[in-house]
Amino acid sequence: MTQEEMTSKNNFIWEMIEEDNRTNRFSGVVHTRFPPEPNGQLHIGHAKAIYIDFETARRFGGQCNLRMDDTNPTKEDTDYVDAIQRDIKWLGYDWDDRFYYASSYFGQLYEYAVILIKKGLAYVCDLTAEEMREYRGTLTEPGKESPYRYRSVEENLDLFMRMKEGEFPEGKRTLRAKIDMTSPNLNMRDPVVYRIMFAEHHQTGDEWCIYPMYDFAHPLSDSIEGITHSLCSLEFEDHRPLYDWYCESVGVHHPQQIEFARLNLTYTVMSKRKLLQLVTQGYVSGWDDPRMPTLSGLRRRGYTPEAIKQFIEDNGIAKNNTIADISRLEFNLRQDLEARSPRAMAVLDPVKVVIENYPEDKEEMFEVPLYTQDETRTESREIPFSRELYIEREDFMEDPPRKYFRLSPGQEVRLFKAYYITCTDVVKNDEGEIVEIWATYDPESRGGMSADGRRVKGTLHWVSARHAIDAEVRLYDRLFAEENPDDVEEGKTFLDYLNPESLSVITAKVEPHLVQAQEEIAYQFMRKGYFIVDPDSTREHLVFNRAVALRDSWAKMAQSG
RNA sequence: AGGGGCGUAGUGCAAUGGCAGCACACCGGCCUUUGGAGCCGUGGAUCUUGGUUCGACCCCGAGCGCCCCUGCCA
C-alpha cells in the first residue's frame with residue numbers, strides 16, 4: 001500500500017481544512033499537533049489521534065508537533081515522556097525538532113493571564129473549592145457570581161503576582177476568567193485559569209507554584225506554536241467556546257479546534273486510569289503485557305504499525321461514538337502478516353507418529369521456502385525428517401466425522417513438503433489416551449507429491465521428534481470476557497469482567513530453524529497462527545507469543561455442525 | 001431537566017436533493033502442498049412521525065434513543 005492510498009479516504013476534517021484553504025483562512029498553512037499528557041502509556045486510541053494529527057499534516061504538506069501537555073505536575077512522570085516518544089516513532093511518525101512542553105510556555109502563559117487581568121477579564125477569587133462548586137450552579141440552574149468578581153485590576157494584579165510568589169497556601173486562591181455565571185455551558189461559568197500547587201514539576205522543578213488549567217494552557221500553547229487546526233476528541237466540543245474565548249480575549253493567533261470520535265475496542269478498556277490500575281494491581285505483567293491495548297503491548301504481542309494504521313484507516317474518521325470490534329483489528333494484523341511473515345512449522349499439542357517402514361537410523365533434510373506465500377522470494381530453511389515425528393493431536397481422529405480431511409485409520413494425508421503417510425495403527429495408554437500413531441509412508445511421494453497424481457485432501461504440519469526443540473508458547477485471548485467492560489452492572493467493577501483464561505502457557509515442539517527467530521518479525525506457524533519472539537526468550541529457552549490465530553474454517557464448520 | 005453532540009446492514013464508514021455503496025463479519029461456490037491466502041457470488045440497513053419537493057439518508061417541524069458536561073484533571 002502506498003502512502004497515497006493510505007491517506008486517500010476523505011473525512012469531514014479534511015473537508016473542513018480544504019474549505020479553509022479555499023478561503024485562504026490560514027494562508028494555506030496546515031499545522032497540527034499531538035498533545036499527550038505524560039501520565040500513562042499510549043494506547044491504540046491514541047494511535048488514532050496520532051494518525052489523524054500526523055496524516056493531516058502530511059496530506060496538506062504541513063507539519064505536526066509533538067507537545068507534552070504537562071500542566072498538572074502531580075499526575076505526570078518523565079518516564080512516560082520517553083515511552084510516548086518511543087511509541088510514536090514506532091508507529092512511523094516523526095516530529096523532527098518540534099518536540100515541546102506546555103510547561104516551557106509557563107512564562108508566556110503567565111503574561112497572557114496578566115493581559116486578561118488588565119483587560120478586566122480575569123480576577124483572583126478567594127472562594128474555596130467547595131464554595132466554588134456551590135456558586136457554579138447546576139445543569140439546570142444558573143450559577144452565582146463570586147463576591148470577589150469585581151476586585152480592581154490593581155488588586156488582581158497584586159494578588160496574582162503574590163500567588164506566583166508563593167505567598168498563599170494551596171487552594172486558598174485561584175485566578176478565574178470573568179465570563180458568564182449564567183451560561184448554560186458550565187465551562188463558561190468563570191472557569192479557573194490558574195491554581196496554586198506547591199508541587200515539583202518534572203520539567204520546571206520548583207520554579208512555579210501556580211499552574212495553568214488545561215482550558216487556558218491548551219489553546220494558548222496551540223497559538224504560540226502557530227497551530228492552525230487543533231484536532232481533539234468529542235468530549236472537548238463543550239470546551240471549544242472557551243478555547244475561542246481565550247484566544248480572542250488575549251488577542252493572539254486563533255487556531256480552529258475540530259473534534260472527532262475516539263476509538264474504542266470491544267473486550268478491552270481504554271481509559272488510562274483503568275489501564276494503570278491493571279498494571280499497578282498486577283492484573284497484567286506491565287504496560288507492555290501483550291494483552292494490553294497499549295502500543296507497547298500490541299508491539300510485544302506481534303502487531304505491526306502497518307496493521308494498526310490500516311485498522312484506523314478502515315475505521316474512518318467521524319463523530320459517531322462507537323466501539324470497533326476487535327476481530328476487525330485482528331483481520332488487519334492477519335492481512336499484514338500473511339504477506340510479510342516467514343513460515344515455520346511448530347506443533348502446539350504434540351502426539352507422536354511412528355513411520356514403521358522408514359528406517360530407524362535414517363534422516364533426511366528437506367529444503368523448504370521460508371515464504372511459501374510469495375514465490376518471488378527464494379529464502380529457505382532446512383527441515384529434518386526422521387522415523388518419529390510429532391503432529392497436532394487434533395490432526396488425528398480415530399473415528400472421524402464426514403469431511404474430516406486429516407489423519408485417521410486407513411486415511412492418507414500429506415506431511416507438508418515431505419511424504420504421504422497412511423495411518424495403520426493406534427497405541428493407547430491405560431486411560432485410553434492415544435500415545436502413538438503408527439503409519440506407513442510412500443517413498444514415491446517425496447517432497448509431498450506423487451507421480452501417479454492421486455489426490456490427497458489433507459496436508460499436515462509436523463516436526464521430527466528427534467530434532468524438535470521445546471519452546472514456551474504463550475497463547476493470548478481477550479483480556480475481558482465481556483464485550484464492553486465499561487458497562488458495569490450494579491455493584492460490580494470492570495475488574496469483575498476480566499477473562500481468567502486470557503493467558504495460557506504451553507510447551508510446543510518447533511522446528512530447529514526457529515532458534516534463529518528474530519524479535520520484531522512474526523512467523524506464521526503453519527495452520528496455527530502468527531507468533532513472535534518475546535523479549536523473555538533466550539537461545540536456551542525460546543519463548544513465543546501468539547499474536548493472532550489463523551482463521552479456522554474447519555473449527556467453525558465443526559462447531560456449527 | 002439546561003447545554004453540546006450523534007443516530008445508515010451484525011460492526012465500522014460512505015452517499016453533501018437524483019439508482020443507498022465500501023470494508024470486515026455472515027452464507028454459498030471455485031481453487032489450494034497451510035481447511036491459511038486468493039478468486040467468484042448471495043442475502044441483509046437510512047430511529048419514529050409529519051411536512052417541503054417531480055424526487056429526501058440529505059432540507060424543515062415534532063418526537064424517541066444513545067454519548068458528553070456540575071475537577072482548583074486532561
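Chain identifiers are assigned alphabetically (A, B, ...) following the order of the sequence lines, protein sequences preceding nucleic acid strands; residue numbering begins at 1 within each chain. Note that these values count all heavy atoms, side chains included, but never hydrogens, waters or copies made by symmetry. Being a predicted model, the structure only gives us computed values, none of them experimental.
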What are the atom names and distances for every N/O pair under 3.5 Å that joins the protein to nucleotides 23-32 of chain B?
unit_1: C26(B); atom_1: OP1; unit_2: Lys556(A); atom_2: NZ; d: 2.6

**OP:** Consider the side chain of Asn320(A), meaning its heavy atoms from C-beta on, and name the nucleotide among U34(B), G7(B), U70(B) that approaches it most closely.
**Re:** G7(B)
Original post:
For Tyr112(A), what residues pass the ring-ring contact (aromatic ring centres under 6.0 Å, His included) criterion, not counting sequence neighbours?
Top reply: none
**OP:** Specify the residues of residues 261-277 of chain A, ordered by number, for which at least one heavy atom lies under 4.0 angstrom from an atom of RNA chain B.
**Re:** none
**OP:** Of all the heavy-atom pairs spanning Gly447(A) and Phe366(A), show the shortest one and how long it is.
**Re:** N-CE2, 4.1 Å
**OP:** Looking only at side-chain atoms of Glu338(A), point me to the closest of G36(B), G5(B), G12(B).
**Re:** G36(B)
**OP:** Go through the side-chain N and O atoms of Asn187(A) and Asp215(A) and say whether any donor and acceptor fall under 3.5 Å apart.
**Re:** no
**OP:** Apply salt bridge (charged side-chain N to carboxylate O under 4.0 Å, His left out) to Glu167(A) and list each qualifying residue two or more places apart in sequence or on a separate chain.
**Re:** Arg162(A)
Could you list all N or O pairs between the protein and nucleotides 63-68 of chain B that sit under 3.5 Å apart?
unit_1: C67(B); atom_1: O2'; unit_2: Asn321(A); atom_2: ND2; d: 3.0

**OP:** Could you list by number each residue of residues 168-188 of chain A showing a heavy-atom separation from RNA chain B of less than 4.0 Å, or answer none if no residue does?
**Re:** Gly171(A), Thr174(A), Pro184(A), Leu186(A)
Original post:
With a 4.0 Å cut-off on heavy atoms, is Glu259(A) in touch with a base, just the backbone sugar-phosphate, or nothing at all?
Top reply: nothing
Original post:
So which nucleotide from C73(B), U70(B), C13(B) ends up closest to the side chain of Thr322(A)?
Top reply: C13(B)
